[in-house]
K.L.:
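Pasting a structure below so you can have a look.
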Amino acid sequence: MIIPTESVRSRSRLHEENFATSLNLTVADRTEMRAKSGALLHPNLVSVIIPCYNHAQFLRQAIESVLAQTYSDFEIVVVDDGSSDNTAEVVMRYPLVRYVYQENAGLASARNTGLRHSRGKFLVFLDADDRLLPDALETGICCMREHPECAFVSGHCRVIDSNGVILPSPRQRRVEQEHYLKLLRGGSYIWCPATVLYQRRIFDFVHGFDPALKRLEDYELYLRITKDFPVYSHNQVVAEYRRHGSNMSRDVSAQIHTALAAHSAQWNFVKANSRYKETYDAGRLFWQNDYPFQQMVSRIREMVREHLPADAIISVATGGYSELLRLDGRRAWHFPQNEQGSRGELFAQGAEGSMATPAWIEAGMTYEFGLYGGPEFSKPLARLLVKGVADPFRIASAEAAPQEPVGPDGVLLTAIPNPVHASEEPGVTNITWSTGDGSKGQLYVSGMGVYAGRDPSDSDEARSCLESAKANGAQYLIIPAKSFWWLDHYQKFREHVETRYPAVARDEDTGIIFDLRESS
């Protein structure tokens with residue numbers, strides 16, 4: 001049983017009526033919720049609530065991901081939030097699914113409606129465009145049984161595109177303590193609402209999602225819960241979060257406005273505690289600065305997937321931010337980069353050998369291994385590209401690199417496995433090499449080149465850096481929205497690039513991609 005502190009009970013009594021009124025919950029609604037939360041008729045039932053607004057094209061996958069669960073004691077409630085597509089038709093194909101219709105009132109309201117129409121002791125809110133993995137409910141229930149004092153338990157997710165293909169994403173960190181401070185510092189360690197399994201009883205105190213919010217309503221709820229109640233997070237991947245063109249999170253300015261409002265609502269609680277106040281200030285900076293950058297990076301990746309081939313070689317005006325080079329396995333390096341370190345780092349040396357890489361191969365990155373021999377190791381003998389991928393199915397379908405010479409005179413350079421699975425944690429591969437003639441060789445590895453450490457000093461230097469990047473094989477140039485390109489004293493460089501190279505993609509809030517292979 002969840003046992004709040006006395007201060008929480010007092011605060012709940014003081015604010016219950018006003019807050020419940022703001023959520024449009026009548027006294028009868030609250031009585032019904034409490035009755036259901038205390039009922040023993042369904043002590044192990046998990047209610048999976050799926051709000052849907054014009055996402056019929058994904059809804060079938062969401063429903064079937066629940067039906068495929070290894071944990072069998074569940075119910076599905078789909079809340080149609082006034083959809084104009086064939087949402088109702090999709091639901092009617094599944095007799096075991098409870099269908100509830102309401103006039104369009106937003107995601108938070110739809111979740112609250114699902115809560116009122118559900119019977120489970122435990123709750124999962126699955127967005128209609130996301131999916132649960134088969135052991136999601138079982139993992140959540142087992143975790144909750146081990147931590148019955150917690151208001152909710154949460155896990156990790158993986159990111160997929162509109163077709164269900166797994167996308168590279170930053171590693172998710174498990175939070176073991178001080179969950180409220182982690183949320184307050186900025187962003188949410190809970191990427192996907194479906195990774196959370198709640199005890200119904202918690203809603204006796206927090207009363208549901210705030211329908212006044214049209215986005216980030218889950219983040220605001222996490223803040224309210226973790227402020228007063230214990231929660232637990234595990235590191236099991238239990239859901240798939242889908243990125244597509246109609247995601248609500250694409251409206252970055254609206255996201256930031258809502259996030260800052262939810263963040264500001266915590267001020268009265270944190271202001272008397274210096275440590276909490278410091279965290280609060282850091283969180284505000286995150287939403288104002290870091291979050292817009294993260295969203296820009298995500299949109300650049302979408303532009304790259306849509307417009308550039310999988311084997312593209314790309315130079316990116318990163319400003320030193322390596323995250324901009326994680327482009328689904330395409331070769332990418334900094335612009336400008338330090339030419340002196342073009343070979344990369346020394347990985348191994350000797351006439352032949354076999355060595356495992358450290359665990360640093362990341363999904364979405366391509367690493368170039370180069371074997372050099374001859375006088376002063378100046379002669380390139382072989383080159384090998386190793387890709388880190390998030391999708392394990394790409395590993396299964398890829399053939400292992402053959403253990404045979406890849407160059408003249410018995411030169412050998414292979415990697416097994418390649419591609420390398422690197423979703424939750426960085427991956428490892430084994431590199432085998434031979435110079436072929438018994439002479440000593442040096443093996444270098446480069447993932448992204450070495451950033452020059454500064455932006456070009458002027459347009460002339462920027463143009464020189466571009467010619468150098470082209471000479472090294474760059475086929476495309478990406479100019480993010482926040483880069484030196486837009487500053488006044490690079491006007492001549494902008495004019496040079498704009499008149500000489502065609503833009504294959506352009507978005508004023510994201511950036512520009514130029515094709516360096518064609519010039520006029």
Side-chain angles (χ1 to χ4, degrees), residues 1-5 7-9 12 37-38 42-49 66 69-71 73-74 111 115 118 120-127 130 132-158 170-209 216-241 262 266 269 275-276 279 283 423-425:
M1 177 182 293
I2 305 170
I3 304 178
T5 64
S7 62
V8 176
R9 286 195 290 267
S12 179
S37 70
H42 307 283
N44 298 308
L45 183 68
V46 179
S47 296
V48 181
I49 297 167
V66 184
Q69 290 299 299
T70 57
Y71 183 85
D73 196 0
F74 63 81
R111 287 172 175 166
L115 174 62
S118 64
K121 181 179 179 181
F122 306 101
L123 302 162
V124 170
F125 295 94
L126 172 65
D127 288 350
D130 296 337
L132 294 179
L133 295 183
D135 60 350
L137 300 186
E138 184 174 5
T139 299
I141 288 295
C142 289
C143 190
M144 186 64 81
R145 286 171 178 164
E146 294 176 358
H147 303 275
E149 76 285 359
C150 290
F152 67 69
V153 297
S154 64
H156 291 176
C157 70
R158 61 193 185 198
R171 292 194 300 279
Q172 299 165 74
R173 303 296 184 183
R174 179 187 173 194
V175 178
E176 298 186 13
Q177 57 187 355
E178 297 186 325
H179 298 78
Y180 174 70
L181 290 183
K182 179 64 176 177
L183 291 164
L184 190 65
R185 186 171 290 277
S188 176
Y189 66 88
I190 303 171
W191 289 11
C192 174
T195 64
V196 182
L197 183 137
Y198 298 87
Q199 291 207 52
R200 177 185 283 275
R201 286 182 179 272
I202 190 60
F203 291 94
D204 288 345
F205 300 95
V206 298
H207 307 299
F209 297 87
L216 290 176
E217 55 287 309
D218 46 356
Y219 172 65
E220 189 270 343
L221 179 65
Y222 302 150
L223 283 170
R224 279 192 277 131
I225 291 176
T226 57
K227 180 172 62 177
D228 295 320
F229 297 93
V231 300
Y232 183 83
S233 63
H234 58 80
N235 59 1
Q236 299 301 306
V237 178
V238 294
E240 292 179 324
Y241 170 73
Q266 305 301 311
F269 180 75
R275 183 161 169 260
Y276 279 27
T279 304
S423 55
E424 279 294 289
E425 297 294 336

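If you're wondering where the values come from, they're calculated on a predicted model, not measured in any experiment.
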K.L.:
For a quick test of reading the model, state the closest non-hydrogen atom pair linking M144 to A151 and the distance between them.
P.N.:
CE-O, 4.2 Å
K.L.:
Measure from the side-chain N and O atoms of E149 to the backbone N and O of V231, and report whether any donor-acceptor pair falls under 3.5 Å.
P.N.:
no
K.L.:
Could you pull out the closest heavy-atom pair between L223 and A262, with the gap in Å?
P.N.:
CD1-O, 4.1 Å
K.L.:
Hey, which of V153, N44, V46 is the one that makes side chain to side chain contact (heavy atoms under 4.5 Å, CB included) with I141?
P.N.:
V46
K.L.:
Quick check: closest heavy atoms across Q177 and V175, and the distance to 0.1 Å?
P.N.:
O-CG1, 3.3 Å
K.L.:
With a 4.5 Å heavy-atom cut-off, do H147 and P230 have their side chains touching?
P.N.:
no
K.L.:
Excluding sequence neighbours, so at least two apart, what forms side chain to side chain donor-acceptor pair (under 3.5 Å) with S47?
P.N.:
E75
K.L.:
Hey, mind stepping through T70 and E138 against side-chain hydrogen bond (donor to acceptor under 3.5 Å, both in side chains) and telling me if it holds?
P.N.:
CA-CA 7 Å; T70 57; E138 184 174 5; 2.5 Å; yes
K.L.:
For Y180 and Q266, does a side-chain donor sit closer than 3.5 Å to a side-chain acceptor?
P.N.:
yes
K.L.:
State whether D73 and K121 are salt-bridged, where the test is any N-O pair (Lys NZ or Arg NE/NH1/NH2 against Asp/Glu carboxylate O) under 4.0 Å.
P.N.:
no
K.L.:
With side chain to side chain contact (heavy atoms under 4.5 Å, CB included) as the test, pick out the partner of L197 among V48, V124, L123.
P.N.:
V124
K.L.:
Any idea which heavy atoms bring S233 and H179 closest together, and the distance?
P.N.:
OG-NE2, 3.7 Å
K.L.:
Please say which of F203, F229, Y232, F122 ends up in a ring pair (Phe, Tyr, Trp, His ring centres under 6.0 Å) with Y198.
P.N.:
F203
K.L.:
Can you name the closest pair of heavy atoms from Y222 and L183 and give their distance?
P.N.:
CB-CD1, 3.7 Å
K.L.:
For the residue pair D135 and Q69, what are the closest heavy atoms and their distance?
P.N.:
C-OE1, 3.9 Å
K.L.:
Determine whether Q172 and C157 make a side-chain contact, defined as any pair of heavy atoms from C-beta on separated by less than 4.5 Å.
P.N.:
yes
K.L.:
Any side-chain heavy atom of L126 sitting closer than 4.5 Å to one from V66?
P.N.:
yes
K.L.:
Give me each pair satisfying salt bridge (Lys or Arg N to Asp or Glu O under 4.0 Å) with a member in residues 174-193, each pair once, sequence neighbours excluded.
P.N.:
E178-R275
K.L.:
Has the side chain of R158 got a donor or acceptor atom that lies under 3.5 Å from a matching backbone atom of A239?
P.N.:
no
K.L.:
Please examine the side chains of K227 and F269, heavy atoms only from C-beta on, and report whether any two atoms are closer than 4.5 Å.
P.N.:
yes
